[in-house]
*Asks:* 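Submitted below is the structure of interest, expressed as structure tokens.
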Amino acid sequence: MGEQESSDSPLLVGEGLGERSIESWLNTHQINEAEFITNLTNRSENNFMYISQILAAITNNFYPQPSQIETSFPPPLETYYQQHLEKMLGSQHQDFPLAVLQVLSQTTQPISVTDIANFLNTDEYDVEEVLENWVEFLIQENRSENIYYSFYHFSFRDFINKI
């Protein structure tokens, strides 16, 4: 391994990770590195897979324009989300779980079992049963004796909305 150039830049630490490509991409698009890091960190919602795939996509020239980060998913991230979806729905995409999925994907705010059940005009127990099977893909938030649900990451919700 060669000597690493010293820099205060967090994106230049390490070797073989496409650091120069990211730095070049930022410079080409006149993007402030600190702002980019802050924005990407905020968008990641502490999701390592999201950050790693977005950075890899930049180094692989998947995003010729910065605005595309908000509108398209790198293929590995799409595959990752597709695997989540298959795990959630199984091989048989049954109507009721699909309906629950649609309700969850249409809201940007956490939603209660009661609200989902009311929206679908169904029993809360049926909704709870579906959501319990999806616990690894959801964030549960306790509010005034109710549990509210949302997807673990906004980009997963956006992926579901695009299918």
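The shown structure was predicted, so the numbers you read here are calculated from the model rather than taken from an experiment.
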*Asks:* Does CG in Asn27 sit with more than 12 non-hydrogen atoms of other residues, nucleotides or ligands closer than 6.0 Å?
*Replies:*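 For Asn27, atom CG is crowded (more than 12 foreign heavy atoms under 6.0 Å).
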*Asks:* For Lys87, check side-chain hydrogen bond (donor to acceptor under 3.5 Å, both in side chains) against everything at least two apart and list the hits.
*Replies:*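 For Lys87 the side-chain hydrogen bond (donor to acceptor under 3.5 Å, both in side chains) partners, ignoring immediate neighbours, are Glu136.
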*Asks:* Using residues 36-43 as the side-chain source, report each donor-acceptor pair under 3.5 Å to any protein atom, sequence neighbours left out, with the distance given to one decimal.
*Replies:*
residue, atom, partner, partner atom, Å
Thr38, OG1, Ala34, O, 3.0
Asn39, ND2, Glu35, O, 3.3
Thr41, OG1, Ile37, O, 2.7
Asn42, ND2, Thr38, O, 3.3
Arg43, NE, Tyr50, OH, 3.1
Arg43, NH2, Tyr50, OH, 3.2

*Asks:* Looking at every non-hydrogen atom in both residues, tell me the closest pair between Tyr63 and Ala57 and how far apart they are.
*Replies:*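 Smallest heavy-atom distance, with atoms named: CE1-CB, 3.5 Å.
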*Asks:* If we count only N and O atoms by modelled type, under 3.5 Å, do the side chains of Asn161 and Gln106 hold a donor and an acceptor together?
*Replies:*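 Yes, a side-chain donor-acceptor pair sits under 3.5 Å.
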*Asks:* So Val103 and Asp115, side-chain contact (heavy atoms from CB on, under 4.5 Å) or not? Walk me through it.
*Replies:* CA-CA 9 Å; Val103 172; Asp115 290 340; over 6 Å; no
*Asks:* Taking the side chain from His153 and the backbone from Ser155, do they hold a donor-acceptor pair closer than 3.5 Å?
*Replies:*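 At least one qualifying donor-acceptor pair exists.
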*Asks:* Mind checking side-chain contact (heavy atoms from CB on, under 4.5 Å) for Pro75 and listing every partner two or more places apart, or none if nothing turns up?
*Replies:*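 With sequence neighbours excluded, Pro75 shows a side-chain contact (heavy atoms from CB on, under 4.5 Å) to Phe62, given in chain and number order.
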*Asks:* Hey, any chance Leu98 and Leu138 share a hydrophobic cluster, counting ILVMFWY side chains that come within less than 4.5 Å of each other, even indirectly?
*Replies:*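 Leu98 clusters together with Leu138.
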*Asks:* Only counting residues at least two apart or in another chain, list the ones meeting side-chain contact (heavy atoms from CB on, under 4.5 Å) with Asn146.
*Replies:*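 With neighbours one apart ignored, the set is Tyr148.
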*Asks:* Could you pull out all residues at least two apart from Gln140 that satisfy side-chain hydrogen bond (donor to acceptor under 3.5 Å, both in side chains)?
*Replies:*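 In terms of side-chain hydrogen bond (donor to acceptor under 3.5 Å, both in side chains), with neighbours along the sequence ignored, Gln140 is linked to no residue.
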*Asks:* With heavy-atom distances below 4.5 Å as the criterion, would you say the side chains of Leu101 and Leu85 are in contact?
*Replies:*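 They are in side-chain contact.
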*Asks:* Are Ile163 and Val130 connected in a single hydrophobic cluster, I mean Ile/Leu/Val/Met/Phe/Trp/Tyr linked by side-chain heavy atoms less than 4.5 Å apart?
*Replies:*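 Shared cluster, yes.
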*Asks:* Which atoms form the tightest heavy-atom contact between Thr122 and Asp126, and what is the distance?
*Replies:*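 For Thr122 and Asp126, the tightest heavy-atom pair comes out as OG1-OD2, 3.8 Å.
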*Asks:* Hey, does Trp134 have a side-chain heavy atom less than 4.5 Å from the side chain of Leu89?
*Replies:*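 Yes, at least one pair of side-chain atoms sits under 4.5 Å.
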*Asks:* What residues form a ring pair (Phe, Tyr, Trp, His ring centres under 6.0 Å) with Phe156, not counting sequence neighbours?
*Replies:*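 Per chain and number, Phe156 pairs via ring pair (Phe, Tyr, Trp, His ring centres under 6.0 Å) with Tyr81, His84, Phe151, Tyr152.
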*Asks:* If you compare all heavy atoms of Pro110 against all heavy atoms of Arg143, which two are closest, and at what distance to 0.1 Å?
*Replies:*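 In this case the closest contact between Pro110 and Arg143 is CG-NH2, 3.5 Å.
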*Asks:* So, for Gln53 and Pro76, which heavy atoms are closest and what is the spacing to 0.1 Å?
*Replies:*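 In this case the closest contact between Gln53 and Pro76 is OE1-CB, 3.0 Å.
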*Asks:* Are Met88 and Ile139 linked, directly or through other ILVMFWY residues, by side chains that come within less than 4.5 angstrom of each other?
*Replies:*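 Yes, Met88 connects to Ile139 through the hydrophobic network.
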